[in-house]
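Report on one structure; see the data block that follows.
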Amino acid sequence: MIPAKVKIVEVGPRDGLQNEKEFVSTETKIELINRLSEAGLQNVEATSFVSPKWVPQMADGAAVMAGIARRDGTIYSVLTPNMRGFEGALEAKADEVVIFGAASEAFSQKNINCSIAESIARFEPVAKAAKDAGVRLRASISCSLGCPYQGEVPVASVVDVVERMAALGCDEIDIADTIGVGTAKRTREVLAAASKVFPRERLSGHFHDTYGQAVTNIYAALQEGIEIFHASVAGLGGCPYAKGATGNVATEDVVYLMNGLGIETGVDLGKLIEIGDFISRAIGKPSASRAGKALLAKQRDGVGACV
Ligand code: HMG
Ligand code: MG
């Protein structure tokens, strides 16, 4: 049975913006996060505490976290690949830290410069420190549905990393389709297998939309009982270590899907499409959200987008 309610994790401020070549001002990032939480997103992935040499766009993570207006009940998450990142996150009073690994060895090397086994060893102290500090811990597993370097990723490899992340005490685990190659059948297979080793209600779907399959894959994931989905307003994003990869599925498209299914999200779609327009203008790129563009045209002109 599909769930009656889902949590949407808005990853636009982090996954969406991290790949922008031009530096997006700290003020714009703060306004984006504030508007997203006001629109009802209960979990916003705000920034990363990673090496600024690797991801220069996230170099202002501490300033972003210091500048946002915290909304009661909203979880502000940040990426922390190591203890240095965790210390920054703790100082910034992040509600949730995200360790990020991969189901593919090649991608692990490209993204975080170490093997899967080495990454887990690096995450161990982060996980322990998060538990000691009472901070939520999430793990993201890249290339769960395919890898830009290795191609096919066996379901068993994903399950293996889910088990290792689960052993670290993760509150949530993301099954990430980094390059958007996944199809509905594969999505169901991977999620069904992952659900056998980690509670399904704490697994999330993180789908990039490169092949236009993300909304379909979310629908497939709903059939597997998945209740948490990641999305990026205006479909912002790409991946610096996955050539040709586009952004995450657009949040507007996901909310539109959920509204049509009668699934509660708590998100105000009207506010969301205005935010999509705001950030698209701020970075000078058209929105990648189909629903966002159609609804914005309708809202502004009082007509359907096709006329
Ligand atoms: P490294 O070079 O192997 O490690 O990088 P290092 O310990 O030798 O550090 C290198 C330099 O970075 C040193 O500075 C460190 O001090 C500094 P230097 O001495 O050269 O001046 N450093 C840091 N600075 C700030 N904060 C830190 C930090 N750690 C080290 N936390 C490392 C290893 C993991 C640090 C590096 O590879 C890195 O930062 N990678 C970031 C990768 C990243 O952010 N990728 C994008 C996010 S993941 C993603 O998008 C996928 C996801 O969306 C799911 C999906 O779609 O698949 C989550
Ligand atoms: Mg991603």
Side-chain angles (χ1 to χ4, degrees), residues 9-20 45-63 65 77-92 94 96-104 106-116 118-123 125-126 129 138-150 153 158 161 165 170 172-182 190 203-210 214 217 228-232 235-251:
V9 180
E10 170 61 50
V11 298
R14 194 284 303 171
D15 206 345
L17 295 183
Q18 72 180 7
N19 201 33
E20 283 303 311
E45 199 170 88
T47 187
S48 301
F49 286 86
V50 299
S51 163
K53 284 185 191 146
W54 284 65
V55 187
Q57 188 62 253
M58 296 287 109
D60 60 351
M65 289 298 284
S77 315
V78 305
L79 265 57
T80 54
N82 53 21
M83 275 311 287
R84 169 129 180 232
F86 178 78
E87 280 150 20
L90 200 60
E91 209 165 307
E96 179 178 74
V97 294
V98 183
I99 50 180
F100 50 103
S104 131
F107 191 85
S108 181
Q109 289 290 351
K110 294 273 182 197
N111 193 35
I112 50 175
N113 208 21
C114 62
S115 69
I116 295 172
E118 283 163 346
S119 75
I120 301 293
R122 250 187 222 173
F123 299 148
V126 177
R138 168 153 66 83
S140 200
I141 305 177
S142 289
C143 299
S144 290
L145 299 177
C147 170
Y149 308 106
Q150 130 183 0
V153 174
V158 183
V161 182
M165 294 295 200
C170 290
E172 264 172 51
I173 297 180
D174 315 331
I175 300 299
D177 186 7
T178 314
I179 52 168
V181 288
V190 169
L203 279 176
S204 69
H206 176 110
F207 301 109
H208 285 258
D209 201 26
T210 314
N217 290 343
I228 309 170
F229 295 99
H230 294 195
S232 173
L236 294 171
C239 174
Y241 307 108
K243 263 204 173 75
T246 66
N248 298 87
V249 62
T251 316

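All residue numbers refer to positions in the sequence shown, counting from 1. Given the structure is predicted, the values throughout are model-derived calculations rather than measurements. Each ligand, and each atom within it, is numbered from 1 in the order the structure gives.
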Exercise for the section: Flag Asn111 as yes when one of its N or O atoms lies below 3.5 Å from any N or O atom of ligand 1, and as no otherwise. Expected result: yes

Problem - For Glu96, side chain to side chain donor-acceptor pair (under 3.5 Å) partners two or more places apart - result: Ser77, Arg136, Arg138

Exercise for the section: Classify the contact between Asp15 and ligand 1 as side chain, backbone, both or neither, using a heavy-atom distance cut-off of under 4.0 Å. Expected result: side chain

Practice task
Mind checking whether Thr178 contacts ligand 1 via backbone (N, CA, C, O), side chain (CB onward), both or neither, at a 4.0 Å heavy-atom cut-off?
Solution key: both

Exercise for the section: Without swapping roles, check the side chain of Ser108 against the backbone of Ala102 for a donor-acceptor pair under 3.5 Å. Expected result: no

Problem - Residues Asn248, His206; criterion side-chain contact (heavy atoms from CB on, under 4.5 Å); working and verdict - result: CA-CA 7 Å; Asn248 298 87; His206 176 110; 3.1 Å; yes

Fill in the blank from the handout: The side chain to side chain contact (heavy atoms under 4.5 Å, CB included) partner of Val153 among Val181, Val190, Leu145, Val158 is Val158

Handout entry: Heteroatom distance test (Phe49, ligand 1): nitrogen or oxygen, under 3.5 angstrom
Key = yes

Practice task
Output the distance between atom OG (Ser204) and atom CD1 (Ile175), rounded to the nearest 0.5 Å.
Solution key: 7.5 Å

Problem - Distance in Å, Asn111 CG paired with Phe100 CZ, rounded so as to fall on 0.5 Å steps - result: 6.0 Å

Problem - Nitrogen or oxygen atoms of Pro52 and ligand 1 under 3.5 Å apart - result: no

Exercise for the section: Give the numbers and elements of all ligand 1 atoms closer than 4.0 Å to a heavy atom of Gly85. Expected result: 31 (N)

Exercise for the section: Compute the shortest N/O to N/O distance between Ala176 and ligand 1 and return yes if it is under 3.5 Å, no if not. Expected result: no

Practice task
Indicate yes or no: does an N/O atom of Ser140 lie under 3.5 Å from an N/O atom of ligand 1?
Solution key: no

Handout entry: Close N or O approach (Asp177, ligand 1; < 3.5 Å)
Key = no

Practice task
List for me each residue that meets side chain to side chain donor-acceptor pair (under 3.5 Å) alongside Glu118, sequence neighbours excluded, and say none if there are none.
Solution key: Ser115

Practice task
For Thr47 and Val78, indicate whether the former's side chain and the latter's backbone hold a donor-acceptor pair under 3.5 Å.
Solution key: no

Problem - Check: Thr246 main-chain N/O paired with His208 side-chain donor or acceptor under 3.5 Å - result: yes

Problem - Shortest non-hydrogen separation from Thr80 to Ile99 and the atoms involved - result: O-CG2, 3.7 Å

Problem - Nearest option to atom 46 (C) of ligand 1, as decided by whichever heavy atom of Gln18, Met83, Glu118 sits closest - result: Gln18

Practice task
Rounded to the nearest 0.5 Å, what's the gap from CD1 on Ile112 to CG on Asn82? Could you check?
Solution key: 9.5 Å

Completion exercise
Filtering Ser119, Cys114, Ala59, Pro81 for the heavy atom nearest atom 34 (C) of ligand 1 leaves Pro81

Practice task
Please could you name the atoms of ligand 1 that Asn113 approaches to less than 4.0 Å, counting only its heavy atoms?
Solution key: 1 (P), 2 (O), 3 (O)

Practice task
Begin with the C-alpha distance, continue with both residues' side-chain angles, and end with the deciding distance and a verdict on side-chain contact (heavy atoms from CB on, under 4.5 Å) for Trp54 and Asn113.
Solution key: CA-CA 10 Å; Trp54 284 65; Asn113 208 21; 3.5 Å; yes

Practice task
Under the side chain to side chain donor-acceptor pair (under 3.5 Å) rule, collect the residues that match up with Ser119, sequence neighbours excluded.
Solution key: none

Fill in the blank from the handout: Ala103 and Ile141 have their tightest heavy-atom pair at N-CG2, 3.7 Å

Exercise for the section: Have a look at Arg122, Arg84, Met58, His230 and point out the one with the heavy atom closest to atom 24 (N) of ligand 1. Expected result: Arg84

Practice task
Using a strict cut-off of 4.0 Å, indicate which atoms of ligand 1 neighbour a heavy atom of His208.
Solution key: 56 (O)

Problem - Minimum non-hydrogen distance to atom 51 (C) of ligand 1, winning option of Ser142, Ser51, Gly247 - result: Ser142

Fill in the blank from the handout: If you compare Leu145, Asn82, Val11, Ile141 by their heavy atoms, the one closest to atom 30 (C) of ligand 1 turns out to be Asn82

Practice task
Check the side chains of Glu10 and Thr251 for a donor-acceptor pair under 3.5 angstrom, ignoring hydrogens and angles.
Solution key: yes

Problem - ligand 1 versus Arg14: contacting region, heavy-atom distance under 4.0 Å - result: side chain

Problem - Numbered atoms and elements of ligand 1 in range of Val55, under 4.0 angstrom, heavy atoms - result: 43 (C), 44 (O)

Completion exercise
ligand 1 to Leu79, heavy atom cutoff 4.0 Å, flagged ligand atoms 47 (C)

Exercise for the section: Just the protein N/O/S atoms under 2.8 Å from the Mg ion (ligand 2), please, no waters. Expected result: Asp15 OD2, His206 NE2, His208 NE2

